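Accompanying notes for the structure given below.
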Amino acid sequence: MKFMKIGTRPDTFYTEEATRSVISDVPSDLVIQINNISYLLHKLQFTLLPKCGLLQRLCSGSDDSSTITLKLHDIPGGEEAFELCAKFCYGITINVCAHNFVPAFCAAKFLQMTESVEKGNFVLKLEAFFNSCILEGWKDSIVTLQTTAKLTEWSENLGIIRKCIDSIVEKILTPPAKVTWSYTYTRPGYKKSLQSIPRDWWTEDISNLDVDLFRCIITAIRSTYMLPPQLIGEALHVYACRWLPDTTRIRTPESSVSQTEEVFEKSRRILEAIVSMIPADRGSVSVGFLLKLLSIANYLGASPVLKAELIRKSSLQIDEATVSDLVFPSQSSSSQHFYDIDLVVPVIESYLMRWRRQPPETVENTQLIRTIRRIGKLIDTYLQMVARDKNMPVSKVVSLAEALPDISRKDHDNLYKAINIYLKEHPDLSKADRKRLCRSLDCQKLSPEVRAHAVKNERLPLRTVVQVLFFEQDKGSRATDPRMLTQELFQREKQMQISRDDLNKLHLGGDEQSVSTEGLRRTPVLESSSRDYQKKKTRKKFTAA
């Protein structure tokens with residue numbers, strides 16, 4: 001980082017209590033008060049007044065021999081900026097760099113240290129340093145722009161912000177092959193000495209800026225239409241990682257409630273700015289990033305409008321998601337379950353709402369069918385993961401499983417796996433909840449291997465097993481012997497201590513609902529087959545005897 005050295009004299013300023021003085025044989029005749037600091041200086045012994053037009057005007061009506069007291073509480077940059085200007089007047093060595101340029105320049109302008117007052121004055125030297133060094137550098141321009149946050153109005157009026165932004169944008173638009181300046185890029189596995197300059201080399205450096213300044217740069221870049229939307233999206237992703245909380249690692253805040261709310265309010269403002277800057281182009285940001293922003297919005301208590309916008313954007317790309325994109329810890333203080341399934345449900349519902357509005361001939365489009373089946377497979381795999389959460393309510397699993405239309409699942413094998421995992425992890429689940437969980441399972445869409453497993457699965461409700469048996473008998477599957485399946489049913493009946501009357505009720509539909517129309521038609525066949533099988537078995541025994 002470049003700096004400018006001015007002056008040759010050693011620093012002779014010293015402090016006594018709240019007073020700053022200069023070592024000199026001449027007594028002080030000028031007192032300048034800034035905030036809680038008093039400066040004991042000299043009007044004419046050194047070139048303080050000759051270089052400062054404001055001080056000349058304020059002291060114009062006073063006697064040269066009298067001590068004058070001036071109050072400059074409104075000087076931009078405060079006492080530190082004033083002291084830089086005073087040391088320049090005294091010829092004391094000072095170093096000006098990107099970190100202190102803005103307050104020094106604003107204070108020099110405030111004190112009217114211009115060429116019209118005296119040649120070679122402070123303002124002229126600072127302007128030369130700004131134009132030839134700061135604006136020509138990459139990190140110097142960013143640091144200088146960053147320091148304008150404390151003197152926004154002065155910086156805008158003096159053109160510092162506009163010139164810094166123009167310089168930064170110009171360098172961002174430079175082709176990577178022509179980048180010759182130093183930049184920050186700390187991505188894992190990247191080595192500057194061995195690899196070419198990445199297209200997003202600039203994103204980390206501008207992420208240090210205040211959100212309003214960051215927005216100005218992004219807006220200026222987008223107005224040129226020279227960079228692809230994906231690069232803008234990457235800059236937003238880097239900025240979000242830099243300033244927004246990581247909801248996968250939330251810890252209970254130890255600070256006071258007022259401090260926490262202040263931090264939350266700042267984070268909400270940043271989140272709203274990031275969402276407003278997301279390009280409308282599909283794929284400009286990943287669906288994983290959108291879901292991450294939605295999780296953060298829930299955590300921060302963002303506005304319903306903002307959440308709705310994130311849900312809409314996420315639903316447009318949900319078919320591109322992976323299971324890891326959907327996994328977030330629950331942010332609800334009232335729930336004990338770990339996985340935030342409430343984050344996924346509204347996104348799926350938003351997608352389906354738009355999908356159902358498609359004309360019938362469009363819905364039958366091969367591409368749309370592939371898309372919704374890809375989503376169905378994603379959700380079933382996700383359900384297998386959340387099913388392992390011992391505190392996950394069955395109602396949430398059922399709501400997500402039943403949210404998808406029938407066309408979204410070519411088969412129900414993955415859904416069966418999710419249900420089986422949930423039943424295994426929740427052995428105390430009531431009979432009613434077991435039935436409710438298996439309600440969305442279509443036994444006709446199970447593969448022969450899965451049906452064979454389901455028949456022997458003691459965790460499943462008997463009603464579901466009966467459905468599998470009916471379908472097996474109706475289909476005449478080669479994978480399973482119907483007599484064996486019938487025998488399996490009665491073995492299950494004996495193990496579960498179900499009476500014959502209860503079983504008949506189950507076959508006939510009972511008090512609740514019939515197993516299926518197919519099941520009702522096949523009930524006598526099943527019982528007849530069972531009797532025939534037992535008779536043949538008895539005849540064989542009698543013949544053998």
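All values derive from a computational prediction rather than experimental measurement. All residue numbers in this chain count up from 1 along the given sequence.
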Partners passing salt bridge (charged side-chain N to carboxylate O under 4.0 Å, His left out) against [X] (at least two apart in sequence or in another chain):
| X | answer |
| --- | --- |
| Glu118 | Lys51 |
| Arg162 | Asp166 |
| Arg187 | Asp200, Glu204, Glu234 |

- Query: Would you say Met1 has more than 12 foreign heavy atoms packed within less than 6.0 Å of its CE?
  - Reply: yes

Those residues that, when tested against [X], pass side-chain contact (heavy atoms from CB on, under 4.5 Å) (two or more places apart):
| X | result |
| --- | --- |
| Thr381 | Val323, Lys377 |
| Val117 | Gln56, Thr114, Asn121 |
| Ser267 | Leu244, Pro245, Val263, Leu300 |

Any sub-3.5 Å donor-acceptor pair from [X]'s side-chain atoms to [Y]'s backbone N or O?
| X | Y | result |
| --- | --- | --- |
| Asp29 | Thr67 | no |
| Ser303 | Leu306 | yes |
| Asp210 | Asp212 | yes |
| Ser207 | Tyr239 | no |
| Arg312 | Tyr351 | no |
| Thr19 | Thr15 | no |
| Ser408 | Leu404 | no |
| Trp138 | Leu135 | no |

- Message: The test is salt bridge (charged side-chain N to carboxylate O under 4.0 Å, His left out); show your working for Glu425 and Arg388 and say whether it passes.
- Response: CA-CA 6 Å; Glu425 296 294 333; Arg388 292 179 169 86; 5.6 Å; no

- Query: Can you check salt bridge (charged side-chain N to carboxylate O under 4.0 Å, His left out) on Lys119 and Glu115, steps first, answer last?
  - Reply: CA-CA 5 Å; Lys119 297 295 181 181; Glu115 293 301 288; 5.0 Å; no

- Is there any salt bridge (charged side-chain N to carboxylate O under 4.0 Å, His left out) pair reaching into residues 219-228, and which pairs are they, with sequence neighbours excluded? none

- Return each pair, listed once, that meets salt bridge (charged side-chain N to carboxylate O under 4.0 Å, His left out) where at least one residue sits in residues 140-153; pairs must be two or more places apart or across chains. none

For residues 281-290, tabulate all N or O donor-acceptor pairs below 3.5 Å that involve a side-chain atom, not counting sequence neighbours.
unit_1 : atom_1 : unit_2 : atom_2 : d
Arg282 : NE     : Glu320 : OE2    : 3.3
Arg282 : NH1    : Leu316 : O      : 2.2
Arg282 : NH2    : Asp319 : OD1    : 3.2
Arg282 : NH2    : Asp319 : OD2    : 3.4
Arg282 : NH2    : Glu320 : OE2    : 2.9
Ser284 : OG     : Pro279 : O      : 3.2
Ser284 : OG     : Asp281 : O      : 3.0
Ser286 : OG     : Phe289 : N      : 3.1

Donor-acceptor contacts under 3.5 Å from residues 88-106 side chains, at least two apart:
unit_1 : atom_1 : unit_2 : atom_2 : d
Tyr90  : OH     : His42  : N      : 3.0
Tyr90  : OH     : His42  : ND1    : 3.0
Thr93  : OG1    : Gly7   : O      : 3.1
Thr93  : OG1    : Arg9   : O      : 3.3
Asn100 : OD1    : Cys97  : N      : 2.8
Asn100 : ND2    : Asn95  : O      : 3.0

- Partners of Tyr183 by ring pair (Phe, Tyr, Trp, His ring centres under 6.0 Å), sequence neighbours excluded?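 Scan of Tyr183 (ring pair (Phe, Tyr, Trp, His ring centres under 6.0 Å), adjacent residues dropped) gives Trp201.
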
- Mind checking what makes ring pair (Phe, Tyr, Trp, His ring centres under 6.0 Å) contact with Phe3, not counting sequence neighbours?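 Expected list: none.
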
- Task: Kindly compute the distance separating OG (Ser350) from CG (Leu352), expressed to the nearest 0.5 Å.
- Result: 9.0 Å

- Message: With side-chain contact (heavy atoms from CB on, under 4.5 Å) as the criterion, how do Met385 and Val327 come out once you've worked through the C-alpha distance, each side chain's angles and the decisive distance to 0.1 Å?
- Response: CA-CA 9 Å; Met385 178 172 289; Val327 176; 3.2 Å; yes

- Sub-6.0 Å ring centroid separation between Phe264 and Tyr299: yes

- List the steps, then state whether side-chain contact (heavy atoms from CB on, under 4.5 Å) holds for Ile379 with Asn414. CA-CA 9 Å; Ile379 294 304; Asn414 284 324; over 6 Å; no

- Cation-pi geometry met for Lys292 and Phe328 (6.0 Å, 45°):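 Verdict for Phe328: no cation-pi partner in Lys292.
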
